[in-house]
Q: 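If you scroll down you'll find the structure; I have some questions about it.
From a predicted model like this one, the values you see are computed outputs, not experimental measurements. Here, residue 1 is the first one in the sequence, and each next residue gets the next number. Values below: every heavy atom of this structure, side chains too, minus hydrogens, waters and symmetry copies.
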Amino acid sequence: MSLGIKSFLTATVLFTAIMSNGADKLIGLLFAESVNKSNQAKFIKIQKDLHKKSFKLLKPEDFSKNLSECEIVISNKRMLSAAEIDALKKYVSNGGFLIAVGTFGHCIDKKYDSRGSLELSSCRIGTKNLSVIKLRVLGENPVFKNFFPEKWIDYPNRPPIATILQPTGNIIPLAIADFRPWGWFNDSFKYGYYGSRFQAKVGLYAGFISIGKGICLRISDDLLSKPPQLPLIKALWANLLEPDTFVALKKQEAELAKFEIYFDNGSMIPNGNFEKLCLSTGVEKINKNCATGNILMPQCWRFNSWKGKFAAQVINDPDKKDNHILQILCTDPGSQGGGSLWLCELDYIKLVPGKKYVLSIKAKGKNIYRADFGINIIYADGKRQTFSKKFPAGDFDWQDFNLELTVDRMKKLKRGFRVQLGLSGTGIIQTDDFILTEAE
């Protein structure tokens, strides 16, 4: 029997067991404390009319019965007791399907890390109170069936409130999103300095992980915060409540885990050309960046410095119209013992052990004391490996630089890596077109 057929039969048997006496099976709903009873009732009525399913509001006593009567459990509850987390873990391990949305999973007891969702989804709760402006589905998968895979889909205005998910384990990404701060669409909105760092970036939107016989599916949007009215959200709900979704995820798990994420120009780095920008205010209050006034900051990137006066921002290219350049500048002689870094952290992308990659960049330098670029990889044992290349000291005009790297095939990787550009001491380093690709 082939592995694919065996996996399909196993998943089918599991879901058949879950669906036995299907007429009695319910969709269990565990709402956040912030969703009032009126909105809960409205939500359930709309879902019943749309999907002809039976829904049940879960109560504390339901957790002592191991939730076995639920076909699916869906929750956006932020504050969970250790007993609730334990019951949900048992439910999933026995073949249940947990769909955790929004800011689900903080633990109020000391038994678990305060972000108890780690126990269920291998995801931390990242930046909250965001909007999704674009969604990109990663290949064909049942959660986003008919969602035009590998194309950026424009999200409607005023979608559900979203949270950036931060993978910490082996969660398998199903979709990524381009996030903005909630309220960014208002005319009066302004980005604070940290807006590009935490709020305007590409991040994980949805992913899943197998726990025992079951699945935990994690979704960024708080789908329970208000009744589903937007067509795109209704389509997502239809897929989530489709009985075949669980079976298909189990069947396709190994294949979906191999999917590699690429952005513009075939690169694995988002916004490597620095064309997506935030006009940031309040820079003069930030000790880590000595740029002044309102400055342009690149989305998906952040800046850090130490023991010196370093000014970092995106500037207009004086030689090429409508092109932008990433820059670090330091003219302070007292900063020779300090350093600075531009970082792009990609916690949702996993490099392949044994595969060769090329990190390339265009750069120009003036009065450079020491500058370099590179990539930092995290292994499952917590150890890091840095591949880097130095730029020439002194002055040099625009030129291409390449760094080849191979991930250790003998080590197990943790999901995620970061690319970085550094300047130590004085000088001006300007860069463009940060690209990471598989070597030919």
Side-chain angles (χ1 to χ4, degrees), residues 29-35 39 43 73-80 84-85 88 98-108 112-138 143-144 153 155-169 171-185 189 191-192 194-209 216-226 228 230 232-233 236-237 240 270 278 299-300 302 345-349 415-416:
L29 299 175
L30 184 62
F31 281 96
E33 303 81 352
S34 58
V35 184
N39 278 342
F43 177 91
V73 172
I74 307 169
S75 180
N76 68 338
K77 188 174 181 182
R78 186 180 178 195
M79 305 304 294
L80 294 168
E84 288 174 320
I85 291 175
L88 288 169
L98 171 64
I99 302 175
V101 302
T103 57
F104 168 88
H106 276 265
C107 184
I108 59 177
Y112 297 119
D113 180 292
S114 62
R115 299 175 180 181
S117 58
L118 287 172
E119 299 295 322
L120 291 161
S121 67
S122 292
C123 269
R124 289 187 181 275
I125 298 164
T127 309
K128 299 174 288 187
N129 297 324
L130 303 177
S131 296
V132 173
I133 67 164
K134 289 180 182 292
L135 179 71
R136 180 180 162 199
V137 177
L138 304 176
V143 174
F144 298 95
I153 303 169
Y155 236 57
N157 280 337
R158 304 187 184 277
I161 294 176
T163 297
I164 292 180
L165 304 175
Q166 296 178 334
T168 61
I171 188 168
I172 299 172
L174 296 175
I176 56 177
D178 197 352
F179 294 92
R180 294 291 182 278
W182 182 255
W184 69 275
F185 37 75
F189 176 80
Y191 280 101
Y194 290 114
S196 61
R197 181 173 183 170
F198 297 116
Q199 300 173 321
K201 60 185 295 186
V202 175
L204 180 66
Y205 177 87
F208 78 101
I209 186 169
C216 177
L217 172 64
R218 196 70 176 84
I219 295 179
S220 169
D221 270 334
D222 189 348
L223 298 176
L224 292 179
S225 62
K226 59 183 180 180
L230 302 172
L232 185 147
I233 300 299
L236 177 56
W237 269 113
L240 293 175
C278 299
Q299 295 170 20
C300 305
R302 67 182 180 90
E345 296 174 299
L346 300 161
D347 52 17
Y348 51 92
I349 299 180
R415 186 169 295 282

Q: Please identify each residue that fulfils side-chain hydrogen bond (donor to acceptor under 3.5 Å, both in side chains) with Arg136, with sequence neighbours left out.
A: Glu150
Q: Tell me, please, which residues at least two apart from Lys128 pass side-chain hydrogen bond (donor to acceptor under 3.5 Å, both in side chains).
A: none
Q: Does any part of the side chain of Tyr155, heavy atoms only, come nearer than 4.5 Å to the side chain of Ile233, both counted from C-beta?
A: yes
Q: If every non-hydrogen atom of Glu33 is compared with every non-hydrogen atom of Lys77, which pair is closest and at what distance?
A: OE2-CE, 3.5 Å
Q: Can you give the donor-acceptor pairs under 3.5 Å from side chains of residues 173-181 to other protein atoms, not counting sequence neighbours?
A:
residue: Asp178; atom: OD1; partner: Arg180; partner atom: NH1; Å: 2.7
residue: Arg180; atom: NH2; partner: Gln299; partner atom: OE1; Å: 2.8

Q: Only counting residues at least two apart or in another chain, list the ones meeting ring-ring contact (aromatic ring centres under 6.0 Å, His included) with Phe43.
A: Phe31, Trp237
Q: Looking only at heavy atoms, what is the nearest atom pair of Ala162 and Val132, with distance?
A: CB-CG2, 3.9 Å
Q: Sequence neighbours left out, what passes side chain to side chain contact (heavy atoms under 4.5 Å, CB included) with Leu236? Give chain and number order.
A: Val143, Phe144, Phe147, Tyr205, Leu223, Leu240
Q: Just jot down the salt bridge (charged side-chain N to carboxylate O under 4.0 Å, His left out) partners of Arg302, sequence neighbours excluded, or say none.
A: Glu345
Q: Please round to the nearest 0.5 Å and tell me the distance separating atom CG of Asn39 and atom OG of Ser34.
A: 9.5 Å
Q: Considering non-hydrogen atoms only, spot the tightest contact between Arg218 and Val101 and give its length.
A: NH1-C, 3.5 Å
Q: What pair of heavy atoms forms the shortest contact from Val202 to Pro270, and how long is it?
A: CG2-CB, 4.3 Å
Q: Taking all heavy atoms of Cys216 and all of Leu120, pick out the closest pair and write down the distance.
A: CB-O, 3.2 Å
Q: State the CG-OG distance between Leu135 and Ser220, to the nearest 0.5 angstrom.
A: 9.5 Å
Q: Under a 4.5 Å cut-off applied to non-hydrogen side-chain atoms, are Leu204 and Asp347 in contact?
A: no
Q: Would you name the heavy atoms of Tyr348 and Gly203 that are closest together and state the gap between them?
A: CE2-CA, 3.9 Å
Q: How long is the straight-line distance from CD1 of Ile164 back to CG of Asn129, given to the nearest 0.5 Å?
A: 11.5 Å
